[in-house]
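Worksheet: one structure, shown below.
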Amino acid sequence: MRLPDEPDNIPQINIVPMIDVVFAILTFLIVSSLSLSKSQGLPVNLPKASTSQVQDSPAKVTVTIDAQGKLMVDKKLVNLDQIESRVRQVIGSNPNSLIVLNADKSVYHGNVVEVMDILRRIKGAKLGIATRK
């Protein structure tokens, strides 16, 4: 009795569909993680600082000064004389709150210092200046 010879086609595993599935899952995760990120403040051209550090706080208020000198507290337009009362209103009674100052790098230095001086009147609140590395 004669046994049949080996077949000409060798069984192979096709991994192309698996790669497609992995890329689809990766795309879904990237898109969903972008929608989960919370934007703080308005987009401004922040100055660079090599020694900047990330600070976390349970209550965070963002004060933004854009290139035209407009002031915003958590994306709401305010005047200079209203900024302290608006920040106090947002903070409430939380003494460990963090105030993040987003100032465009083209804003006049005197304006930034004036806003910082007003924000330092709020007792217990920490003041941070946003930068990019």
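All residue numbers refer to positions in the sequence shown, counting from 1.
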side-chain contact (heavy atoms from CB on, under 4.5 Å) involving [X] - partner list, sequence neighbours excluded:
X	answer
Asn79	Asp81, Gln82
Leu77	Lys70, Met72
Ile15	Ile13, Met18, Ile19
Asn14	Val16, Pro17

ask   = For Ile25, what are the other residues in its hydrophobic cluster, where any two members join if their side-chain heavy atoms are less than 4.5 angstrom apart?
value = Val21, Phe28, Leu29
query = Does any pair with a residue in residues 82-91 pass salt bridge (Lys or Arg N to Asp or Glu O under 4.0 Å), and if so which ones, sequence neighbours excluded?
reply = Glu84-Arg88, Glu84-Arg121
Joint hydrophobic cluster, Leu127 plus Ile83, side-chain heavy atoms closer than 4.5 Å = yes
inquiry  = With a 4.5 Å cut-off on side-chain heavy atoms, are Leu80 and Val115 touching?
reply    = yes
inquiry  = Within the 4.5 Å heavy-atom criterion, are Ile91 and Ile99 side-chain neighbours or not?
reply    = yes
Residues which pass salt bridge (charged side-chain N to carboxylate O under 4.0 Å, His left out) with Arg120, listed by chain and number, not counting sequence neighbours = none
note = Heavy-atom nearest pair, Val100 first then Ala130, reads CG1-CB, 3.9 Å
query = At their closest point, which heavy atom of Val112 faces which heavy atom of Ala103, and how far apart are they?
reply = CG2-CB, 3.9 Å
request  = Working to the nearest 0.5 Å, report the span between OG1 of Thr64 and CG of Leu101.
outcome  = 8.0 Å
ask   = So which of Asn111, Asp66, Ile65 actually passes side-chain contact (heavy atoms from CB on, under 4.5 Å) with Leu71?
value = Ile65
